[in-house]
S.K.: 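Got a structure for you, written out below as structure tokens; questions coming shortly.
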Amino acid sequence: MTTIIDGTKIAQRIKEELKIELEEVKTSLGKEPLLVSIIIGDNPATKVYVKNQCKIFDELQIKYELVELPQEIKENELEERIVKMNNEPQITGIMLNLPLPPNINQRKIQNTISPLKDVEGITAENLGKLVYAEFTPIVAPCTALAVIECLKETKVELKGKNTVIVGHSEIVGKPILLMLLSSLLGSVTPTVCHIATKNLAEHTKNAEILIVAVGKSKLITAEMVNDGVIVIDVGINRVEVVDEKGQPVIDEKTGKPKTKIVGDVDFESVSRKASFITPVPGGVGSVTTVMLARNLVNLFKTQLGLKVKPYKFL
Ligand code: NAP
């Protein structure tokens with residue numbers, strides 16, 4: 001039998017936990033966190049992500065400030081703004097929405113954010129802590145944390161399991177690898193596949209756990225997986241809806257082909273073989289923004305010298 005991992009349900013549970021933690025700090029110390037989210041230029045996809053952030057932070061009643069900067073901003077001006085925010089005690093976390101304009105060195109600017117306010121867990125210091133398995137408090141890339149939360153939901157012992165991670169980006173594949181390698185979060189036996197992997201199916205067929213974060217629809221099909229595999233699909237792809245003859249379905253209102261969001265895994269066929277699988281949408285993506293709030297609360301408690309619950313698998 002296949003269990004669909006419900007990201008919305010996981011997100012709801014984490015939101016409830018965060019509300020309780022925040023209420024405790026508010027009652028005992030009268031303090032509340034503040035997230036500052038920086039957006040540069042006018043990218044429609046970034047605006048959608050920011051709207052989603054606003055919605056979740058509003059629901060959690062966490063103070064959220066959006067700082068909109070022009071596309072023409074110079075690197076040193078942005079650096080100065082961030083340094084100022086690092087020094088403002090009322091700001092708990094700083095989020096820098098991507099993409100940045102081409103004249104700005106992304107890695108340099110991301111590392112201008114103080115690790116104590118790095119709500120996305122993307123500074124060299126916070127990413128480095130994953131190598132050392134320093135997980136309390138955990139402040140790590142949100143998508144990678146969302147994957148761990150989806151795996152936790154299965155309640156399956158991960159120790160030693162053959163785990164294939166397809167895709168090794170700095171914010172998804174690599175942090176997932178480092179976290180799952182640690183004895184606190186998995187002790188799995190990992191294989192990492194990427195663009196130069198010669199025979200992807202040869203690796204995926206050996207997977208007891210398969211995590212896919214590439215950005216290519218139907219990259220993983222049923223023939224590429226074993227019965228009983230746990231599948232976590234991180235990919236987000238917009239594809240055209242087709243009819244039974246494979247022809248695009250036209251939207252009557254717009255006259256344009258209808259589209260939908262899918263993952264990297266062919267859900268229909270792979271879900272027949274998997275023991276657990278995340279859907280897209282409604283899987284990892286539903287948990288990601290909540291993990292931003294989780295990171296913020298961890299930073300908030302650390303800044304106040306409060307204890308943070310150890311982060312471990314079960
Ligand atoms: P990325 O930076 O473009 O990385 C993609 C990775 O896939 C790279 O490591 C690349 O390898 C590898 N790759 C590309 N083609 C491949 C192939 N044919 N076979 C095996 N590996 C291949 O992307 P990302 O930021 O990690 O995002 C990956 C996907 O996750 C995207 O669809 C993105 O939209 C989605 N995403 C979802 C969430 C969420 O909350 N659900 C959050 C972030 C991203 P090389 O580096 O060797 O080229």
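This one's a predicted model, so the numbers in the text were calculated from it and none came from an experiment. Ligands are counted one by one from 1 in listed order, and the atoms in each one are counted from 1 as well.
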S.K.: Are any of the side-chain nitrogens in Glu149 or Lys152 under 4.0 Å away from the carboxylate oxygens of its partner?
M.R.: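 Looking at Glu149 and Lys152, the cut-off is met.
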
S.K.: Closest approach of Leu145 and Ala140, non-hydrogen atoms and distance?
M.R.: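 That would be CD1-O, 3.4 Å.
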
S.K.: For atom 18 (N) of ligand 1, what is the closest protein heavy atom, and at what distance to 0.1 Å?
M.R.: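 Ranking protein heavy atoms by distance from atom 18 (N) of ligand 1, first comes Leu219 CD1, 4.0 Å.
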
S.K.: How far is atom 23 (O) of ligand 1 from the closest protein heavy atom, and which atom is that?
M.R.: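 Of every protein heavy atom, Val214 O, 4.2 Å lies nearest to atom 23 (O) of ligand 1.
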
S.K.: Nearest heavy atom to atom 8 (C) of ligand 1: which of Arg238, His168, His194, Lys216 does it belong to?
M.R.: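 It is His168 whose heavy atom sits nearest to atom 8 (C) of ligand 1.
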
S.K.: We want to know whether Glu223 and Thr221 form a side-chain donor-acceptor pair, criterion being a heavy-atom distance below 3.5 angstrom.
M.R.: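 On atom types as modelled, these side chains qualify, holding a pair under 3.5 Å.
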
S.K.: Can a donor-acceptor pair be found, under 3.5 Å and without considering hydrogens, that links the side chain of Thr143 to the backbone of Val172?
M.R.: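 No, Thr143 side chain to Val172 backbone: no donor-acceptor pair under 3.5 Å.
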
S.K.: Using distance alone, determine whether Ile236 and ligand 1 share an N or O pair under 3.5 Å.
M.R.: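 The answer is yes, given that Ile236 and ligand 1 share an N or O pair closer than 3.5 Å.
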
S.K.: Can you tell which of Cys193, Gly167, Gly283 gets a heavy atom nearest to atom 7 (O) of ligand 1?
M.R.: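 Result: the heavy atom closest to atom 7 (O) of ligand 1 is in Gly167.
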
S.K.: Nearest non-hydrogen atom to atom 36 (N) of ligand 1 belongs to which of Ile195, Val262, Val287, Val234?
M.R.: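 Ranked by closest heavy atom to atom 36 (N) of ligand 1, first place is Val234.
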
S.K.: Heavy-atom distances under 4.0 Å decide this one: backbone, side chain, both or neither, for Thr143 against ligand 1?
M.R.: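 Side chain only.
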
S.K.: Does only the side chain of Val172 get under 4.0 Å from ligand 1, or the backbone, or both, or neither? Count heavy atoms.
M.R.: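 Side chain only.
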
S.K.: When rounded to the nearest 0.5 angstrom, what distance separates CD1 in Ile171 from CG in Leu127?
M.R.: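 One finds 10.0 Å between CD1 of Ile171 and CG of Leu127.
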
S.K.: Would Ser169 count as being in polar contact with ligand 1, using the rule that some N or O on each side must be under 3.5 angstrom apart?
M.R.: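 There is such a contact, yes.
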
S.K.: So that I can tick it off, tell me whether Arg13 and Glu17 are bridged by a salt bridge, with the cut-off set at under 4.0 angstrom between side-chain N and carboxylate O.
M.R.: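 Salt bridge: yes.
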
S.K.: Counting heavy atoms only, which of Ala196, Gly215, Gly173, Ala45 comes nearest to atom 29 (C) of ligand 1?
M.R.: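 It is Gly215 whose heavy atom sits nearest to atom 29 (C) of ligand 1.
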
S.K.: Kindly compute the distance separating CG (Asp227) from OG1 (Thr2), expressed to the nearest 0.5 Å.
M.R.: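 Going from the CG atom of Asp227 to the OG1 atom of Thr2 covers 9.5 Å.
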
S.K.: How about Glu59: does its CD atom have over 12 heavy atoms from other parts shown lying under 6.0 Å from it?
M.R.: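 Atom CD in Glu59 is crowded, with more than 12 foreign heavy atoms closer than 6.0 Å.
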
S.K.: Residue-level breakdown please: for Val166 versus ligand 1, do any non-hydrogen atoms fall below 4.0 Å on the side chain, on the backbone, on both, or on neither?
M.R.: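 Contact part for Val166 vs ligand 1: side chain (C-beta onward).
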
S.K.: Relative to ligand 1, is Thr288 under 4.0 angstrom through side chain, backbone, both or neither, heavy atoms considered?
M.R.: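 Thr288 to ligand 1: side-chain contact only, backbone stays beyond 4.0 Å.
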
